Engineer: 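Following this message is one structure expressed as structure tokens.
Order of the sequence lines sets the chain letters (A, B, ...), proteins ahead of strands, with each chain counted from 1. For clarity, every value in this text was computed on a predicted model and none was experimentally measured.
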Amino acid sequence: MSFATKYNPEETESKWYAYWMEHKFFSSKVDHTKEPYTIVIPPPNVTGVLHMGHMLNNTIQDVLIRKARMEGKNACWVPGTDHASIATEAKVVSMLKERGIDKKSLTREEFLKYAWEWKEKYGGIILEQLKKLGASCDWDRTKFTMDPDLSEAVISVFVDLHKKGKIYRGIRMVNWDPQGKTALSDDEVITKEIQSKLYYIQYNIEGTENEFLTIATTRPETIMADVAICINPNDPRFAHLKGKKAIIPLINRAIPIIEDEYVDMEFGTGCLKVTPAHDINDYELGLKHKLEVIDILNDDGTLNEKAQILIGEDRFIARKRISKMLAEIGQMEKVEEYKSNVGHSERTNAIVEPKLSLQWFLSMEDITKPALQSVMDDIIQLHPPKFKNMYRSWMENVRDWCISRQLWWGHQIPAYYLPNGEYVVAQSKSEALEIANEKYGIAYKSEDLVQDEDVLDTWFSSWLWPISVFDAKVFSEGKKNEDLKYYYPTNDLVTAPEILFFWVARMIIAGYEYMGEKPFKNVYLTGIVRDKQGRKMSKSLGNSPDPLELIKIYGADGVRTGMLFSSPAGNDLPYDDKLVEQGRNFANKIWNAFRLVKGWEIDPELDGQENQAAIHWFENRFNESLTEIEDHFNKFRISDALMTSYKLVWDDFCSWYLEMIKPAYQQPIDAATYERTILFFEDILKILHPFMPFITEEIWQQIKERNTEDALIVSEWPSPKSFDVQTIAEAQQVFEVVSQIRNIRASKGISPKEAFELTIKTQQPDLYLRFEMVLKKLANLSKLEFGDQVANSLGFIVKSDECFIPMIGQVDVESEKENIQKELEYTRGFLNTVMKKLMNERFVSGAPAQVLEIERKKQADAEAKIKALEESLVNLG
RNA sequence: GGGAUCUUAGCUCAGUUGGUUUAGAGCGCUGCUUUGACAGAGCAGAGGUCAUGGGUUCGAAUCCCUUAGGUCCCA
């Protein structure tokens, strides 16, 4: 049997993924004999394609789910997508544009037909891509937030919350996206500092010849919407203006000069123009002073007829033109450069316009309380916990949630308007009709009712996700099905911190509101994948590698491990191809270890006694590592768990264990050692499987004949056994001797082929005798002896044992002395710090016994070492 | 402006209640090694006054304060 020296992942991956699917290893059904372990996927945007963030996120979920499955739990990972109102509608609109169709020319029904067509065609791409990564989702459970049952759930929840009085309709200043033509929640607005200008504009005072006041504004195009000028009543500069009126330039409308301490006397000129329709603070001021509201902007950001001038111009063009017009009539005093923070739409990047509009809101004050409490009390744990603070500050200062969006793609708000000006909220139009007719005693017909045009915020459906994927009917029927009873609450949620508020907090809110129970126990927050310059990876920057291309080049296992190598929870991941390269190299290393072992002939005549020490050591070392790995997993230190596994395999198993037991070239191995080695290898494959599912399954299946039920994916996760630290420490000492001898060869330029004779001066010769064969093999020794200093030899010290290697040629005494002198100095310095502690009365009386013992051991070791070094110096002359 | 958080080797990070550490890992780097699982490799090595200045303590990378810089959240 011969294998390629390089592992080729491509065919292995498709083969085993198909095998796992075929045998339904990913599927989960209610089974009360098993403990459920559940993850719901953060539903990717249905318009999305796989990006590096998904890779990281889903790799982590797959690691968790695969490990749980091997631990014998009933592992259920529910996949799906969300309908992403704004993003999808934008995609559909641009698709229509390409076909020469204007959205405005379509009815809602026609538009939705195109939208579904688009969704059917492109909506599944991202889930298919996840399969390439190895994601072991229960695909039969795939859900979409606009599936009929999930939609019904959303409507039920709206109706229910409305009934509870938590949903209301109100005029509010909202963040308006003039490009997407929809309201945005505060969280969908990204504030960016941009370079803008501060315009100083003069307003004449009514009834005077040439008296004027000056206001400073960044938005001169809104002066036509001014309804007042506000001054601070304590400002002596403007006392004479009290009770007068100012005249808006260009349109010559007179507006009152009002007083309010809200005005900052230091900022600008101290005179504030009040424009309630176009500024949130002015709006509040307007309410307080009962001012009129003049809205001069259309939904698309152009000026309307109320502006009187520049009607139909875009707001930014209008700004430039008005600035020029003001200058022409001499009422532009000056223009200054100014840095200001401006809100941008997360989806369209358009500058957000504060706009008054009638929207639907969810009152957040009461509903958030249990959700805050459960995180504060660690009933739900955030990993890393630093996010608790952020979560708290958000939940304590939460504002009502604007849940309506001026779009067609999504869940249409189930509010029906009646000819009498009232409205009814109901599950369906027919229900609404019944309610309306009963309530108002009028026989309305179906066509009299007009449903609200708007849809609900996408998060208003995904906040139900951990519930609705199992049981969408629970909201209307109030009785849980078996799935929901069994799988809810889920265990772990893996997502990005940027949607902690958007989504995670709201799921917790919905969980308590509808289940009276948390939706998950742990929230693992990943970092953001960035490029080498620290920029977020994005399509527009073009700085992201194509994930599928990466999988092709480095293999899914390589990419998975590469992504995890440097990604502690909550930390950003600066992506570098080196990482996935390292992952690929690791897969190759495992492959070659397998080639080695698989190539051995077995000789039943051999007793393999000399391998006992190696086997005994590795068994202990394995359990030590496994214990550490479990600890890392328990603390959600996934990359540490990987690194510990990596070192166990590469350093301990490959570099030490296999080298120790490896028979000479073309020599056979004894049966006992071989069998034990296969068992070790199998345990290693198990530990690696969650990280590298494909290569491990491949080797697992090649190492032995397996039945279907013996596939690695469903094999039993090894449980850590106790281990003997002494055994591990002793081996460490032997390894140190080997390294020192290799070091001598390297530094003296002596070939590894040249055998050495080693003499050790030690109290514990049996330790070295146990490893005699190992020492001879790994350090290439022809002889191992115990005794005193050997003449004309090179020496080194390990712990308190002295080792000597006789040299045939002349030893460079001076350089040897120099080396010893250096080590002596270091050791003396070290002893000094130890002694300082031990000489200290308060340390000796105060420190715990264990610490004292450690310090005394350090002292003894250091002293022995110093003595040995000094002797060596003397012997060298 | 308010708040949170971070600053440890060239890079990315560990260092868990102060004492197994005059500080560790992976990658990178330097040198040597190509017949025997693997050059996608082996072996060895170099590299840090733990951001700064102070304080608490018998003892500080770890606790407190100062300063500087970064990141994030909120306004």
Engineer: What do the steps show when you test A:F653 against A:Y657 for ring-ring contact (aromatic ring centres under 6.0 Å, His included), and what is the final call?
Structural biologist: CA-CA 5 Å; A:F653 187 66; A:Y657 177 76; 5.7 Å; yes
Engineer: Please pick, from B:G26, B:U12, B:A14, the nucleotide with the shortest atom-to-atom distance to any side-chain atom of A:K647.
Structural biologist: B:G26
Engineer: Salt bridge between A:K748 and A:E754, side-chain N to carboxylate O under 4.0 Å?
Structural biologist: no
Engineer: Output the single nucleotide from B:G26, B:G19, B:A75 whose closest atom is nearest the side chain of A:Q582.
Structural biologist: B:G26
Engineer: Between A:P752 and A:K858, which has a closest nucleotide on RNA chain B that is more 5'?
Structural biologist: A:K858
Engineer: Once you round it to whole Å, what is the distance between C1' of B:U33 and CD1 of A:I750?
Structural biologist: 15 Å
Engineer: Distance check needed: B:U16 P versus A:H632 NE2, whole Å only.
Structural biologist: 13 Å
Engineer: Between A:D861 and A:K865, is there a salt bridge with N-O shorter than 4.0 Å?
Structural biologist: no
Engineer: Is B:U30 paired to anything, Watson-Crick or G-U wobble with both distances less than 3.5 Å, and if yes, which nucleotide?
Structural biologist: B:A44
Engineer: Between A:K388 and A:D378 (salt bridge meaning N to carboxylate O under 4.0 Å), is one present in this structure?
Structural biologist: yes
Engineer: Consider the side chain of A:D640, meaning its heavy atoms from C-beta on, and name the nucleotide among B:A14, B:U12, B:C27 that approaches it most closely.
Structural biologist: B:A14
Engineer: Please pick, from B:U20, B:G26, B:A14, the nucleotide with the shortest atom-to-atom distance to any side-chain atom of A:M643.
Structural biologist: B:G26
Engineer: Rounding to the closest angstrom, what is the interatomic distance between B:A61 and B:U17 at atom C1'?
Structural biologist: 16 Å
Engineer: Indicate yes or no: does A:K822 engage A:E825 in a salt bridge with an N to O separation below 4.0 Å.
Structural biologist: no
Engineer: For A:R856 and B:G19, what is the distance between atoms CZ and C1' respectively, to the nearest whole Å?
Structural biologist: 14 Å
Engineer: Counting side-chain heavy atoms from C-beta on, which of B:U16, B:G26, B:A4 comes nearest to A:N389?
Structural biologist: B:A4
Engineer: Just how far, in rounded Å, is P of B:G36 from CD1 of A:I669?
Structural biologist: 19 Å
Engineer: I'd like to know if A:E628 and A:K647 make a salt bridge, using a cut-off of under 4.0 Å between side-chain N and carboxylate O.
Structural biologist: no
Engineer: Heavy atoms only, 4.0 Å cut-off, all strands: where does A:R399 land among base, sugar-phosphate and nothing?
Structural biologist: sugar-phosphate
Engineer: Identify whether any heavy atom of A:D572 sits under 4.0 Å from a base atom; if not, whether one sits that close to sugar-phosphate; answer base, sugar-phosphate or nothing.
Structural biologist: sugar-phosphate
Engineer: If we take the P atom in both B:G18 and B:C6, what is their distance in whole Å?
Structural biologist: 16 Å
Engineer: Do NZ/NE/NH1/NH2 and the carboxylate oxygens of A:K662 and A:E659 come within less than 4.0 Å?
Structural biologist: yes
Engineer: Using a heavy-atom cut-off of 4.0 Å across all strands, would you classify A:N832 as base, sugar-phosphate, or nothing?
Structural biologist: nothing
Engineer: OP1 or OP2 of B:C27 versus the side-chain N and O atoms of A:Y646: is any pair under 4.0 Å?
Structural biologist: yes
Engineer: Between A:W591 and A:R530, which has a closest nucleotide on RNA chain B that is more 5'?
Structural biologist: A:W591
Engineer: Send over the distance from A:R392 CZ to B:U5 P, rounded to a whole Å.
Structural biologist: 10 Å
Engineer: Given the structure, check if the side chain of A:K635 and the base of B:U16 hold any donor-acceptor pair shorter than 3.5 Å.
Structural biologist: yes
Engineer: B:U16, B:U20, B:C73: which one has an atom nearest the side-chain heavy atoms of A:M390?
Structural biologist: B:C73
Engineer: Which base sits across from B:U5 as a Watson-Crick or G-U pair, both distances under 3.5 Å?
Structural biologist: B:G70
Engineer: Salt-bridged, A:E682 to A:K704, with N to O below 4.0 Å?
Structural biologist: yes
Engineer: Using a 4.0 Å heavy-atom cut-off to protein, can you give one letter per nucleotide of nucleotides 38-49 of chain B, 5' to 3': B if the base is in contact, S if only the sugar-phosphate is, - if neither?
Structural biologist: B-BSSSSS----
